Amino acid sequence: MTPEQERRFSKDLLAWYATARRSLPWRRTRDPYRILVSEFLLQQTRVETAEAYYRRFVRRFPSLQALAEAPQESVLQVWQGLGYYGRGRNLHRAAQTIRDRFQGRIPSDPETLGKLPGIGPYTAAAVASIAFQRDVFTIDGNVKRVLSRLFAMRTSPELPEVRKRMGKIGLRLLPRGKAGEFNQALMELGALVCKPGRPDCDHCPVERSCKAREKGLTERLPVRIPRGRVPVRRRVVGAIRNRGRLLFVRRPPEGLLGGLWELPGCNLEDGENTEQGLGRLCASLDQDVVLQPPQPAQPHLLVRHTYSHFQELLLVFLLAGIRRGPEGARGRREPLGRWYHPTNMGEHPVTRATGKILEEIAGRSGPRRIRR
Ligand code: SF4
């Protein structure tokens, strides 16, 4: 594009955004804390889902101070069901760092922001531009798709060199002093008009600037890199009951789903069958358990759960637990788990896969149902 075309593109885009944008709660505030919360929630989450969580989150933690002071478990409880719990833990830690190192004021500079827990280049640029109008350009999945089409790029936007080129293009297109609006407008165009699959070019405000439209390439771009097969892990899970309660264990505080509660389980190793896995699981517990019904050792329920980089097949067994005192069956000082009524976990957040299992157990219509 010539400088004149670039100016025309930005003008068309901003004029469209002024009237067509969705009314979202984080777009009606200038409060950097609320914008920070929204950017954490929007990572890998659809806007509609993020909106409901945003409202709940800021009602529960209305300020950075309130969030920083809250126990981690309360934060995870509000985050429950959203997935990617590392984001919730990182947002909590970022709030504590800002309270302790920046006197509670969110830094405006993208480099400083990028050093806070859970804030990568995208989130740093988004917060700096939207909350502080810093002239930085943001690139998310929507922006990659729009730019790939606008400039008819024949290489995948996932390649680092293409991303770098997009960064340079974005800085040229960005009208100075309006970075927040411009970045959001480009993302909104990708979400509402220049969608994956079939873009709605007939209603596109920047159609006259689009090279893919001119060349008839709109549905063939962006170029995709074929993905490999997602590995499947098998996990034996025990739904261990005692007088209407189930035994729950808490995951270690760090790592995948850290700090959340789930039913006890163990991953099957290569060559291990479910019966062996079940034996290993029972041996690892500090409760005496028996299968329900006792034979054969078939899973009562199969639940499939997909994470970003693998899939888990959960083989759920119903077991009866013999509840022990605080020392557990094997004389441990600390019991490994706690007994809760599955519909009354109080403040304790459970993993999404556990939520699926609990729903299925509550509304079960027969054995070996598969839930995806
Ligand atoms: Fe996307 Fe079509 Fe607009 Fe080009 S003209 S930016 S392909 S919606």
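Read the numbers this way: they start at 1 and go in the same order the structure lists the ligands and their atoms. In this text, all values refer to a predicted model and were calculated from it rather than measured experimentally.
Not a single heavy atom of Val146 sits less than 4.0 Å from an atom of ligand 1.
Glu158 has no carboxylate O lying under 4.0 Å from a charged side-chain N of Arg224, or vice versa, which leaves the two without a salt bridge. Of the charged side-chain nitrogens involved, at least one lies within less than 4.0 Å of a carboxylate oxygen, so that Arg213 and Asp202 count as a salt-bridged pair. Using a 4.0 Å cut-off between a side-chain N of Lys or Arg and a carboxylate O of Asp or Glu, Glu51 and Arg22 do not qualify as a salt bridge.
Of all atoms in ligand 1, listed by their number and element, those nearer than 4.0 Å to a heavy atom of Cys210 are 4 (Fe), 5 (S), 6 (S), 7 (S). Ligand-side atoms of ligand 1 in range of Arg149: 7 (S), range being under 4.0 angstrom from any heavy atom. Interface of Cys194 with ligand 1, defined as ligand atoms under 4.0 Å from a residue heavy atom, comprises 1 (Fe), 6 (S), 7 (S), 8 (S).
For atom 2 (Fe) of ligand 1, the closest non-hydrogen atom on the protein side is Cys201 SG, 2.4 Å. Scanning all protein heavy atoms for the shortest distance to atom 7 (S) of ligand 1 gives Thr218 CG2, 3.4 Å. Nearest non-hydrogen protein atom to atom 3 (Fe) of ligand 1 is Cys204 SG, 2.3 Å.
Cation-pi geometry between Arg105 and Phe102 is not met at under 6.0 angstrom from the ring centre and within 45 degrees of the axis.
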Exercise for review: Might you work through the side chain to side chain contact (heavy atoms under 4.5 Å, CB included) test for Leu186 and Phe137, ending with a clear yes or no?
Suggested key: CA-CA 10 Å; Leu186 206 51; Phe137 183 59; 3.8 Å; yes

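Neither the backbone nor the side chain of Ala212 comes within 4.0 Å of ligand 1, counting heavy atoms alone.
In the model, Gln80 has no side-chain atom that pairs as donor or acceptor with a side-chain atom of Trp261 under 3.5 Å.
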